[in-house]
Chemist: 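Questions regarding the structure given below will be posed in turn.
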Amino acid sequence: MDRSEHVSTSAVPRPFVPGIYVPIITFFKDDEEQSLDLETHKEHIMFMARGGVHGLVCQGSTAEAVALTFEENTLLIQATREVLDQNGFEHVIIIAGAAGQTTKEAVSRAVQAAEAGADGVISLMPNFFKNSLDAEALESYYLELADKSPIPVMIYSHPGVSSGLELNSDSINRLAKHKNIFGIKQTDHNVGKMARIVHNNPGFFVLAGSSDYLLGALAVGASGSVTGLANVFPRLCVHLFNLYYKPISASSAPKTVNETLSEARTLQGILSSAQWPMLSGGIPAVKYACKYFLGRGGIPRRPVPESKDAVKRRIEQGLQPLVDMELKLAKGLPLF
């Protein structure tokens, strides 16, 4: 099966196409309860869809999933699917978070996500009982979840938020054989591991956990990236992906392969350098970047604090060079 042929089992099946997937931030109202701001959420969804992204990740770590209730998860998925379908973006994929500290909880969230309109689910490893969870236990978790989930399952490898737990490529190779496990998001940032998984599992949908090394990930065969930067600069992320994956000249004169790759390397360097203050600042930094450059974002749900002033200044200065570049792409102009 080709990478572009993975198909969801939702009411309107959509292929999990290679490309840029955005981990959506969650917007809260400025009230005592920090209730969901669904109207701003929908506005943001349309901004990214019009920017050309291929898919959206709802209720992942960037969305502060652990701070959301079961009911809020449902509302956000439903709102996302609704606004996409109402505005001609039926093709955009939704992958929803379905993590849990028990397999039972993860299965419940997968069922919930399917009913709310998601095309697939992504599940972080349970980690509260870290010392008892060896590779065999974690593999069993994913196998049972995949057996019982009504929609395809993506493994979420993120040691930084799962007490350092990580399955090696041998474990992933075994899990990839399950017909309802379609891929992995590697926020372990291990490109060598990525290369092994891609090589040993043709058709397995491997996504980098950041656009910080998107070009390197694509070079070893990854299908794209889940990148928080696309919350703010979706066109730049999509453009970098396109330069490598399907080289298309932005000018009337065709470019050579070397010229296209040279542009891709230059753009990768610019993005990696510019986004470092945001990457190193965590979820508050992503939300501040959205607030500063887009006029929407806000602070995380309590008790997580907003970014410190020094971090905010670094975000403003670091990402500012990308503003004109994003605008050029919106106008159909060449970047360089």
Chemist: Taking side chain to side chain contact (heavy atoms under 4.5 Å, CB included) as the criterion, tell me which of Met325, Lys328, Gln275 meets it with Leu236.
Modeler: Met325
Chemist: Under 6.0 Å between ring centres: does that hold for His54 and Phe241?
Modeler: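 Between Phe241 and His54, which both carry aromatic rings, the centre distance is below 6.0 Å.
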Chemist: Measure from the side-chain N and O atoms of Ser262 to the backbone N and O of Asn258, and report whether any donor-acceptor pair falls under 3.5 Å.
Modeler: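 Absent.
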Chemist: Same cluster or not: are Leu143 and Ile197 linked, directly or through other Ile, Leu, Val, Met, Phe, Trp or Tyr residues, by side-chain heavy atoms under 4.5 angstrom apart?
Modeler: yes
Chemist: Would you say Asn87's side chain and Leu84's backbone share a donor-acceptor pair under 3.5 angstrom?
Modeler: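 No; zero donor-acceptor contacts below 3.5 Å.
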Chemist: Please report the interatomic distance OG1(Thr69) to CD(Glu71), rounded to the nearest 0.5 Å.
Modeler: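 Output value for this atom pair is 4.5 Å.
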Chemist: Would you call Arg109 and Glu105 a salt bridge, taking side-chain N to carboxylate O under 4.0 Å as the test?
Modeler: yes
Chemist: Consider only side-chain heavy atoms of I, L, V, M, F, W and Y, link residues closer than 4.5 Å, and tell whether Leu322 and Met278 are in one cluster.
Modeler: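 Yes, same cluster.
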Chemist: Within a strict 4.5 Å, meaning less than it, do heavy atoms of the Ser123 and Leu145 side chains meet?
Modeler: yes
Chemist: Which atom names give the shortest non-hydrogen contact between Ile181 and Tyr142, and what distance separates them?
Modeler: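 Minimum heavy-atom separation between Ile181 and Tyr142: CD1-O, 4.0 Å.
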Chemist: Check whether any side-chain heavy atom of Val226 lies under 4.5 Å from a side-chain heavy atom of Ile122, and answer yes or no.
Modeler: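 Not touching, per the 4.5 Å side-chain cut-off.
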Chemist: Are Ser162 and Tyr156 close enough that a side-chain donor and a side-chain acceptor fall under 3.5 Å?
Modeler: no
Chemist: For Val121 and Ala113, which heavy atoms make the closest approach, and how far apart are they?
Modeler: CG1-CB, 3.7 Å
Chemist: Verify whether one side chain among Ser272 and Gln268 offers a donor that lies under 3.5 Å from an acceptor in the other.
Modeler: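 Gln268 and Ser272 do have a side-chain donor-acceptor pair below 3.5 Å.
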Chemist: So, the side chain of Asn168 versus the backbone of Ser171: is there a donor-acceptor pair under 3.5 Å, distance only?
Modeler: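 Here the side-chain-to-backbone pair exists.
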Chemist: Answer whether the closest heavy-atom distance between the side chains of Pro321 and Ile270 falls below 4.5 Å.
Modeler: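 Answer no - side chains too far apart.
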Chemist: For Leu165, does its backbone N or O pair with a side-chain atom of Ser163 as donor and acceptor, under 3.5 Å?
Modeler: no
Chemist: Hey, would you say the Phe204 and Phe182 ring centroids sit under 6.0 Å apart?
Modeler: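 No; Phe182 has its ring centre 6.0 Å or more from that of Phe204.
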Chemist: Is there a donor-acceptor pair under 3.5 Å between the side chain of Lys291 and the backbone N or O of Gly298?
Modeler: no
Chemist: For Glu72, is there an ion pair with Arg301 - N to carboxylate O distance below 4.0 angstrom?
Modeler: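 Counted as a salt bridge, because a side-chain N and a carboxylate O are separated by less than 4.0 Å.
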Chemist: Among the clusters formed by ILVMFWY side chains lying less than 4.5 Å apart, do Leu327 and Leu229 turn up in the same one?
Modeler: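 No.
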Chemist: Does the side chain of Glu64 reach to within under 4.5 Å of the side chain of Phe28, using non-hydrogen atoms?
Modeler: yes
Chemist: Do Leu68 and Val57 share a hydrophobic cluster (ILVMFWY, side-chain heavy atoms under 4.5 Å, transitive)?
Modeler: no
Chemist: Are the side chains of Arg14 and His91 in touch, meaning some heavy atoms are under 4.5 Å apart?
Modeler: no
Chemist: Please determine, by modelled atom types, if Asp147 and Asn180 share a side-chain donor-acceptor pair under 3.5 angstrom.
Modeler: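 There is no such pair (donor and acceptor under 3.5 Å, judged by atom type) between the side chains of Asp147 and Asn180.
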Chemist: Closest heavy-atom contact between Thr80 and Cys58?
Modeler: OG1-SG, 3.7 Å
Chemist: Nearest heavy-atom pair of Thr187 and Gly209: which atoms, and what distance?
Modeler: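 Minimum heavy-atom separation between Thr187 and Gly209: OG1-CA, 3.6 Å.
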Chemist: What's the shortest heavy-atom distance between Val220 and Ala195, and which atoms?
Modeler: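 Shortest heavy-atom contact: CB-CB, 3.8 Å.
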Chemist: Under a 4.5 Å cut-off applied to non-hydrogen side-chain atoms, are Leu207 and Pro18 in contact?
Modeler: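 No. Closest side-chain heavy atoms not under 4.5 Å.
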Chemist: Looking only at atom types and distance, does a side-chain atom of Arg314 sit under 3.5 Å from a main-chain N or O of Asp309, one as donor and one as acceptor?
Modeler: no
Chemist: Looking only at side-chain N and O atoms, does Tyr245 offer a donor or acceptor that is under 3.5 Å from a partner on Ser223?
Modeler: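 No, because no side-chain N or O of Ser223 sits under 3.5 Å from a partner of the opposite role on Tyr245.
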Chemist: For Asp30, does the CG atom have more than 12 heavy-atom neighbours from other residues, nucleotides or ligands under 6.0 Å away?
Modeler: no
Chemist: Step by step, would you call Asp170 with Arg174 a salt bridge (Lys or Arg N to Asp or Glu O under 4.0 Å)?
Modeler: CA-CA 7 Å; Asp170 292 334; Arg174 287 189 288 271; 5.7 Å; no
Chemist: Going by atom types alone, do Gln186 and Ser157 pair a side-chain donor with an acceptor below 3.5 Å?
Modeler: no
Chemist: Could you check whether Lys312 pairs with Glu306 (Lys NZ or Arg NE/NH1/NH2 to Asp/Glu carboxylate O, under 4.0 Å)?
Modeler: yes
Chemist: Give the minimum heavy-atom separation between Leu167 and Leu175, together with the two atoms involved.
Modeler: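 Closest approach of Leu167 to Leu175, heavy atoms only: CD1-CD1, 3.8 Å.
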Chemist: With the threshold set at 4.0 Å, does a side-chain nitrogen-carboxylate oxygen contact exist between Lys42 and Asp37?
Modeler: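 No salt bridge links Lys42 with Asp37.
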Chemist: With a 4.0 Å cut-off on N to O distance, would you call Glu39 and Lys29 a salt bridge?
Modeler: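 So Glu39 does not pair with Lys29 through a salt bridge.
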Chemist: Do Met125 and Leu133 pass the side-chain contact (heavy atoms from CB on, under 4.5 Å) test, and can you show the C-alpha distance, the side-chain angles, and the key distance before you say yes or no?
Modeler: CA-CA 10 Å; Met125 299 169 196; Leu133 293 170; over 6 Å; no
Chemist: Using side-chain contact (heavy atoms from CB on, under 4.5 Å), reason through Phe233 and Leu271 one step at a time and then give a plain yes or no.
Modeler: CA-CA 10 Å; Phe233 301 104; Leu271 293 186; over 6 Å; no
Chemist: Would you verify whether the NZ or CZ of Arg296 falls within 45 degrees of the ring axis of Phe47 while also being under 6.0 Å from that six-membered ring's centre?
Modeler: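 Satisfied, under 6.0 Å and within 45°.
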Chemist: What's the verdict on side-chain hydrogen bond (donor to acceptor under 3.5 Å, both in side chains) for His239 and Glu263, showing C-alpha distance, side-chain angles and the deciding distance?
Modeler: CA-CA 10 Å; His239 185 68; Glu263 180 178 342; 3.1 Å; yes
Chemist: Check for a donor-acceptor pair, side chain of Gln101 on one end and backbone N or O of Asn127 on the other, with a separation under 3.5 Å.
Modeler: yes
Chemist: Can you tell me if CZ on Phe128 sees more than 12 non-hydrogen neighbours from other groups inside 6.0 Å?
Modeler: no
Chemist: Does CZ in Phe129 sit with more than 12 non-hydrogen atoms of other residues, nucleotides or ligands closer than 6.0 Å?
Modeler: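 Counting other residues, nucleotides and ligands, CZ of Phe129 stays at 12 neighbours or fewer.
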Chemist: For a 4.5 angstrom cut-off between non-hydrogen side-chain atoms, does Leu329 reach Leu335?
Modeler: yes
Chemist: Quick one, Thr40 and His44 - any side-chain contact, counting heavy atoms below 4.5 Å?
Modeler: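 No. Closest side-chain heavy atoms not under 4.5 Å.
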Chemist: Is it true that Ser210 and His189 share a donor-acceptor pair across their side chains at a distance under 3.5 Å?
Modeler: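 No, no side-chain donor-acceptor pair sits under 3.5 Å.
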Chemist: Quick check on the hydrophobic clustering: are Ile94 and Phe70 connected, directly or via other members, by side-chain heavy-atom contacts under 4.5 Å?
Modeler: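 They do not share one cluster, since no chain of ILVMFWY contacts under 4.5 Å joins Ile94 to Phe70.
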Chemist: Apply side-chain contact (heavy atoms from CB on, under 4.5 Å) to the pair Phe16 and Ile95, showing each step before the final yes or no.
Modeler: CA-CA 9 Å; Phe16 294 101; Ile95 301 174; 4.0 Å; yes
Chemist: Within this structure, what is the SG-CG distance for the pair Cys237 and Leu267, rounded to the nearest 0.5 Å?
Modeler: 8.5 Å
Chemist: To the nearest 0.5 Å, what is the distance between CG on Asn173 and NE2 on His199?
Modeler: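 One finds 10.0 Å between CG of Asn173 and NE2 of His199.
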Chemist: Side chain of Asp31, backbone of Ser35: donor and acceptor closer than 3.5 Å?
Modeler: yes
Chemist: Determine all donor-acceptor pairs shorter than 3.5 Å in which one atom belongs to a side chain in residues 20-27; sequence neighbours excluded.
Modeler:
unit_1 : atom_1 : unit_2 : atom_2 : d
Tyr21  : OH     : Val17  : N      : 3.3
Tyr21  : OH     : Val17  : O      : 2.6
Thr26  : OG1    : Ala63  : O      : 2.7

Chemist: Pairing donors with acceptors under 3.5 angstrom, does anything connect the side chains of His158 and Asp188?
Modeler: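 No.
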Chemist: Hey, could you give me the CD/CG distance between Glu82 and Leu38, rounded to the nearest 0.5 Å?
Modeler: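 Answer rounded to 0.5 Å: 9.5 Å.
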Chemist: What verdict does the side-chain contact (heavy atoms from CB on, under 4.5 Å) test give for Lys148 and Thr103, after you've listed the backbone C-alpha separation in whole Å, the side-chain angles of each residue and the deciding distance to 0.1 Å?
Modeler: CA-CA 10 Å; Lys148 296 179 178 179; Thr103 311; over 6 Å; no
